[in-house]
Amino acid sequence: MASKPSIPKGTRDFSPAEVAKRQYIIQTIKVNFEKFGFQPIETPSFENSETLMGKYGEEGDRLIFKILNSGDYLAKANAAHLDAKDSTKLTSSISEKALRYDLTVPFARYVVQHQNEIEFPFKRYQIQPVWRADRPQKGRFREFFQCDADVVGSKSLWQEVELVQLYDTVFTSLGLNGVTVKINNRKILSGIAEVIGASDKLIDFTVALDKLDKIGEDGVKKEMIEKGISEDAIVKVQPLFNFTGSISEKIEKLSQLLATSEEGMKGVEELRFICDKVTDLGLSTAILDLDVTLARGLNYYTGAIFEVAAPKGVAMGSIGGGGRYDDLTSIFGKPDTSGVGISFGLDRIYLVIEELNLFPETVTASSKALFVNYGDAEAFYALQAIKKLRAAGIKVELYPDKAKVGKQFQYADKRNIPFAVVIGGEEMNSNTYSLKNLVSGEQINLDFEGLKQALS
């Protein structure tokens, strides 16, 4: 007996209804990307391992799916590493390619590789799947889509202002009101570490601080001490654990805390510019908030850092994020090319919209009408009308087999098709069509133009 088929953990099949909803989100994001002047590109699903490895930190490297070399992949394996069963060192000799972990590093590679063909500043968007060997859980998958928009070749902070507006525009278009766009700055985190005397522990400090909402103040302090950060330093950073007030009040507090740090004050001024301009321009439904504990992407973000939280009351991780990177392309030999970008988490956005029941009823892959099949003559008559309706952009279909009418109606019902078009000898003789509303049961006789109008 054959075993029941299955798919790998962290991956999913999508039904027609689910695909229609996903395409609705993607199309909404895509339309707004283009409104803001971003152009589409695509990159391969897998890259050379050297392109990806070492770009995401030690933890990120562990989550990259490696692809075994084709053929006898052990033939060129390092014998010493193989005998020692040292998988870390063995990997490079048996795997030269890997599935992309995100879209940002492949984009940096693209920019460097095609720099002579690109007009800078280059505004690109990319909507493609990525893969991570992560532990699957709600809202976290091993295969998922990212929807990125980046600008490279400009250091202007107006780009950050526009990206906040882009977040607001997309989520407003999706009806997802009340998302919070959190903002911080890598220079502020560096400045804080400097003024408390923990510059050599910047990563440990910020990673612990980033967990404040998960493990609480005591948990963060415990982790900092375990990482070798002094108790004196933790006392100095105490104000950050209860960092409240309006954005302008928070910026003022940071100005006082970071007064002795040149790097920190640069971050404060950058934040002040972005937040002031966004506030003056106004947002439709999103909320902008300064969050000093935000510390994502420390291995490549150098300025502003963004993260988007779902509306209050929805238990979900971030549904978007991004930031400014001043030297990402230097890892591929092109220094001094500043970039900034944001990403939308399609899968999590889907879950949030589903939970809040915000998908429009019109989001469906179903046909508008099913033409009932009474036989070859009736089917041919139906297909002549179907051809013209499809040319007018109306989704209709013919039931392929001559079957009992009840079975055909049942099929339409299960497919959520609202109308049936019934054609018999009488309709063919009078060159008409009987349109049956499968919800109300009402049936009317129409000529073609009337049918077309009724289904439009």
Side-chain angles (χ1 to χ4, degrees), residues 17-38 125 127 138-141 144-149 158-184 213-214 243-251 271 274-294 296 304-323 340-364:
E18 289 169 328
V19 170
K21 291 175 180 178
R22 287 168 64 84
Q23 288 178 343
Y24 160 73
I25 298 172
I26 289 172
Q27 187 60 25
T28 302
I29 294 172
K30 179 181 174 182
V31 165
N32 284 293
F33 278 169
E34 294 179 357
K35 277 184 186 176
F36 278 69
F38 292 90
Y125 77 83
I127 301 175
K138 183 183 178 183
R140 179 176 292 174
F141 307 101
F144 57 97
F145 267 73
Q146 283 189 337
C147 310
D148 286 11
W158 286 110
Q159 304 291 357
E160 279 87 336
V161 173
E162 280 222 282
L163 290 174
V164 174
Q165 289 185 309
L166 177 55
Y167 267 140
D168 178 47
T169 302
V170 168
F171 287 118
T172 300
S173 298
L174 290 170
L176 202 54
N177 301 340
V179 302
T180 300
V181 181
K182 300 177 183 178
I183 186 171
N184 197 13
D213 61 339
K214 298 182 184 74
F243 207 70
T244 57
S246 66
I247 290 178
S248 58
E249 288 170 343
K250 290 179 180 178
I251 289 175
L271 266 185
I274 297 166
C275 294
D276 283 354
K277 297 301 180 280
V278 170
T279 300
D280 290 345
L281 287 165
L283 295 174
S284 296
T285 63
I287 301 161
L288 182 66
D289 186 35
L290 170 53
D291 184 352
V292 289
T293 69
L294 185 59
R296 61 184 291 133
I305 307 169
F306 299 107
E307 189 166 281
V308 183
K312 291 179 180 178
V314 180
M316 183 62 67
S318 65
I319 57 175
V340 61
I342 58 173
S343 179
F344 291 81
L346 170 66
D347 298 284
R348 289 185 177 182
I349 291 170
Y350 180 105
L351 293 173
V352 173
I353 294 177
E354 187 90 306
E355 184 172 332
L356 296 175
N357 196 28
L358 292 174
F359 280 111
E361 289 183 11
T362 53
V363 177
T364 173

Do you know which two heavy atoms are closest between [X] and [Y], and how far apart they sit?
X      : Y      : result
Lys182 : Ala309 : CE-CB, 4.0 Å
Phe306 : Leu294 : C-CD2, 4.0 Å
Gly313 : Glu355 : O-OE2, 4.3 Å
Ile25  : Leu346 : CG2-CD1, 3.5 Å
Val363 : Lys21  : CG1-CA, 3.7 Å
Gly178 : Ile287 : O-CD1, 4.1 Å

Please report whether the ring centroid of Phe38 lies less than 6.0 Å from that of Tyr125.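 Here the rings of Phe38 and Tyr125 have centres that are no less than 6.0 Å from each other.
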Is any side-chain N of the basic residue among Arg22 and Asp347 closer than 4.0 Å to the acidic one's carboxylate O?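 Counted as a salt bridge, because a side-chain N and a carboxylate O are separated by less than 4.0 Å.
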Determine, step by step, whether Leu176 and Ile319 satisfy the side chain to side chain contact (heavy atoms under 4.5 Å, CB included) criterion, reporting the C-alpha distance in whole Å, the side-chain angles of both residues, the deciding distance to 0.1 Å, and the verdict. CA-CA 11 Å; Leu176 202 54; Ile319 57 175; 4.2 Å; yes
For the atom pair [atom1] ([X]) and [atom2] ([Y]), what is the distance rounded to the nearest 0.5 Å?
X      : Y      : atom1 : atom2 : result
Asp168 : Leu163 : CG    : CG    : 12.5 Å
Leu166 : Gln159 : CG    : CD    : 11.5 Å
Asp291 : Ile247 : CG    : CD1   : 11.0 Å
Ile342 : Glu307 : CD1   : CD    : 13.0 Å
Leu290 : Asn184 : CG    : CG    : 6.0 Å
Leu283 : Phe171 : CG    : CZ    : 12.5 Å

Report yes or no: does Asn177 contribute a side-chain atom to a donor-acceptor pair with the main-chain N or O of Thr285 at less than 3.5 Å?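 A pair under 3.5 Å: no.
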Look only at the side chain of Tyr167 and the backbone of Gly321, and say whether a donor-acceptor pair between them is shorter than 3.5 Å.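 Yes, Tyr167 side chain to Gly321 backbone: donor-acceptor pair under 3.5 Å.
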Do Arg348 and Ser318 have side chains that get closer than 4.5 Å, going by heavy atoms?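 Heavy-atom side-chain distance check passes, below 4.5 Å.
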Residue from Asn32, Ile349, Leu358, Thr169 passing side-chain contact (heavy atoms from CB on, under 4.5 Å) with Leu174: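 In the set Asn32, Ile349, Leu358, Thr169, the residue that makes a side-chain contact (heavy atoms from CB on, under 4.5 Å) with Leu174 is Ile349.
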With Phe145, which residues qualify under ring pair (Phe, Tyr, Trp, His ring centres under 6.0 Å), at least two apart?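 Applying ring pair (Phe, Tyr, Trp, His ring centres under 6.0 Å) to Phe145 gives none.
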Under 6.0 Å from the NZ atom of Lys250, do we count more than 12 heavy atoms belonging to anything else shown?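 Result for NZ/Lys250: enclosed.
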